[in-house]
Amino acid sequence: MNNKISLFPQGTTVNSHHHLVIGGQDVTELADKYGTPLYLFDELTIRNRCREFKAEFGKRYANTVVAYASKAFLHKALLHVLREEELWLDVVSGGELFLAETAGFPLQNVYFHGNNKSADELEYALKCHVGRVVVDGMDELHALANLAQSQGITQEILLRVTPGVDPHTHSHIITGAVGSKFGFSLADAREAITYAMTLPCLKLKGIHFHIGSLIYEAEAYLEALDVVLELVSKMQGVNSFSLLELNIGGGFAVPYTSHDQNVEVSYYAEALFPHLMQKCASLHLELPKLTIEPGRSLIAQAGVALYRVGYIKDAEGPVRYVMVDGGMADNIRPSLYDARYEAVLANRMNEADSEKVTIAGRFCESGDKLINNIYLPPVAGGDLLAVPVCGAYCLPLASNYNATVKAPIVWLSSGNEQLIRRRETYQDLTLCDLI
């Protein structure tokens, strides 16, 4: 039980009733009040992770910007925290940019990514005066230049380059390998740099790359740094180009189970910066401003999913299925990526894990299994299941599959709770229908 607790938000405890306590709140009481499935986010964990990234990278390389990759999870409550903690923001759609704008986030501190931004999205970004547009291909470079020129705007940009590095993670979350849909190939990047430097309406500040997610080893980052900096060295001075900014993306790993390696933020910082400085020195390059974009690694631990156990079924195999009232509609990662999670019985934290079960969701797919072959105390209908490390890529990928309604979110801060998103209703399912 203790090793599972470490996966939950910081400060998680067990009270005298043997109930799980997160952010000072008994989660069984929260489940009774708001129903299940229910997602909890702990503000203290988020703030501490923001400060850890800023401190560990900043003390080793002062000219560092930490930008949160909002695709992992985005809500106004989170944006207020990020603004207070003085982080930048990475968005990949007009919708994410809209959320940032409506939350009052400083848009000059926004990177706008995306491999297929529409003309409307690019116009919106220019109208908002976003800090950087990260250009993903030659067609986009032409489109953005034409829009900026027509509006009389000078927009600062980065070019996303595909370094051709294999980060040894799941194939669905590799983004920087040869053949990726993202970014300029190395050959195309040379042409793009040369052309971008001729455009008075665009100001090329530097290069961006992102190699993937859940990366446990720093070697892939170092290899990508070498590739990109050697490209920069070859292009140095072409049409007065110089590398002012280098954005190396995110992808830092987090443990999802008690068996996963827990890689400290300091590990990445200690590996990256000496290598960056040595490589720049060897190539006679000025040290650039560096940006990192943690998403999952900043928000994942802060989020917890709560489910109510329904029926229990013994099937041939033998397999004991524990059915819960959520599943792939609120967390598709196990079905999509074979992602592994841990779980606890939040209402019976004092009991030993003695029974092997499979946690199955309520949806009409055989692949709707949240956790295969997990040991828990003997489970009964009505028990409360708590799954940690659900802060990233669960809710953003959620759906209304089987016409089910999306879960509410409760924000935990300083011993208080706040419902920041209500549970959807059946009526919500028809709000966009015209007949």
Side-chain angles (χ1 to χ4, degrees), residues 1-14 20-25 27 30 37-57 66-75 77-79 81-82 85 87 169 173 213-216 250-269 292-307 330-331 333-334 337 339-344 346 349 370-371 385-397 407 409-415 417 420:
M1 187 263 289
N2 288 336
N3 56 351
K4 290 183 181 180
I5 284 285
S6 67
L7 297 168
F8 283 85
Q10 297 169 13
T12 296
T13 60
V14 177
L20 190 68
V21 176
I22 299 173
Q25 301 292 315
V27 302
L30 294 175
L38 175 65
Y39 275 76
L40 311 176
F41 279 85
D42 178 60
E43 182 178 315
L44 177 64
T45 301
I46 297 169
R47 288 190 183 274
N48 285 344
R49 290 296 282 178
C50 289
R51 294 168 187 176
E52 184 179 10
F53 271 104
K54 289 180 67 177
E56 292 296 338
F57 278 81
V66 180
Y68 171 67
S70 65
K71 64 182 180 291
F73 171 72
L74 194 59
H75 189 280
L78 175 59
L79 284 163
V81 170
L82 297 174
E85 296 297 331
L87 266 67
T169 186
I173 50 178
S213 296
L214 282 175
I215 302 169
Y216 285 89
F252 312 117
V254 298
Y256 277 91
T257 76
S258 55
H259 302 291
D260 292 340
Q261 180 183 0
N262 184 17
V263 185
E264 299 290 342
V265 173
S266 59
Y267 163 75
Y268 298 103
I292 59 169
E293 294 176 331
R296 180 199 318 269
S297 53
L298 193 148
I299 197 69
Q301 186 187 7
V304 176
L306 301 180
Y307 304 98
D330 68 90
N331 185 357
R333 294 187 67 255
Y337 302 133
R340 289 283 300 172
Y341 285 88
E342 295 276 16
V344 300
M349 293 295 294
L370 282 172
I371 311 174
L385 194 79
V387 181
V389 205
C390 285
Y393 299 107
C394 294
L395 295 174
L397 288 167
I409 304 173
V410 170
W411 192 263
L412 305 175
S413 176
S414 301
E417 66 185 78
I420 63 169

Shortest non-hydrogen separation from G295 to Y68 and the atoms involved: O-CE1, 3.7 Å

V265 versus F57: any side-chain heavy-atom pair under 4.5 Å? yes

Does E342 reach the main-chain N or O of V387 with its side chain, forming a donor-acceptor pair under 3.5 Å? no

Would you find a donor on one side and an acceptor on the other, under 3.5 Å apart, between the side chain of D260 and the backbone of T257? yes

When you compare the side chain of N331 with that of Y307, does any pair of heavy atoms fall below 4.5 Å? yes

Distance, nearest 0.5 Å, that separates CG of L40 from CG of L20: 9.0 Å

Indicate yes or no: at least one non-hydrogen side-chain atom of P255 is less than 4.5 angstrom from one of L7. yes

Tightest non-hydrogen contact, residues A343 and I371, listed as CB-CD1, 3.7 Å

So, for P37 and A407, which heavy atoms are closest and what is the spacing to 0.1 Å? O-CB, 3.5 Å

Between Y393 and Y337, does the ring centroid distance fall short of 6.0 Å? no

How far does CG of L30 sit from CG of L412, to the nearest 0.5 angstrom? 6.5 Å

At what distance, to the nearest 0.5 angstrom, does CD1 of I299 lie from NZ of K71? 13.5 Å

Are any non-hydrogen side-chain atoms of Y341 and L370 less than 4.5 angstrom apart? no

Does the side chain of P9 reach to within under 4.5 Å of the side chain of V304, using non-hydrogen atoms? yes

Main-chain N/O of I5 paired with T12 side-chain donor or acceptor, under 3.5 Å: no

How close do S266 and E56 get, counting heavy atoms only, and between which atoms? CB-OE1, 3.3 Å

With under 30° as parallel and over 60° as perpendicular, where do the rings of F252 and Y268 fit, or are they tilted in between? tilted

Under 4.5 Å between any side-chain heavy atoms of L214 and Y256, yes or no? yes

Starting from the C-alpha separation in whole Å, work towards a yes-or-no answer on side chain to side chain contact (heavy atoms under 4.5 Å, CB included) for I409 and F73. CA-CA 12 Å; I409 304 173; F73 171 72; 3.9 Å; yes

Non-neighbouring partners of R47 that pass side-chain contact (heavy atoms from CB on, under 4.5 Å), sequence neighbours left out: E43, R51, V81, E84, E85

Interatomic distance, CG@L397 vs CZ@R333, rounded to 0.5 Å, equals 9.0 Å

Side chain to side chain contact (heavy atoms under 4.5 Å, CB included) between M349 and V344, worked out: CA-CA 7 Å; M349 293 295 294; V344 300; 3.6 Å; yes

Is there side-chain contact between C50 and L298, with at least one heavy-atom pair below 4.5 Å? yes

Backbone N or O of L44 within a donor-acceptor pair of the Q10 side chain at under 3.5 Å? no

Taken to the nearest 0.5 Å, the spacing of I22 CD1 from E417 CD works out to 12.5 Å

Can you name the closest pair of heavy atoms from R49 and S297 and give their distance? NH2-O, 2.7 Å

Take L78 and F41 through the side chain to side chain contact (heavy atoms under 4.5 Å, CB included) test and state the conclusion after the steps. CA-CA 9 Å; L78 175 59; F41 279 85; over 6 Å; no

Residues A72 and R296: closest non-hydrogen pair is CB-N, 3.9 Å

Heavy-atom donor-acceptor pair, E293 side chain to V66 backbone, under 3.5 Å: no

Nearest 0.5 angstrom please: D330 CG to L395 CG, how far? 7.5 Å

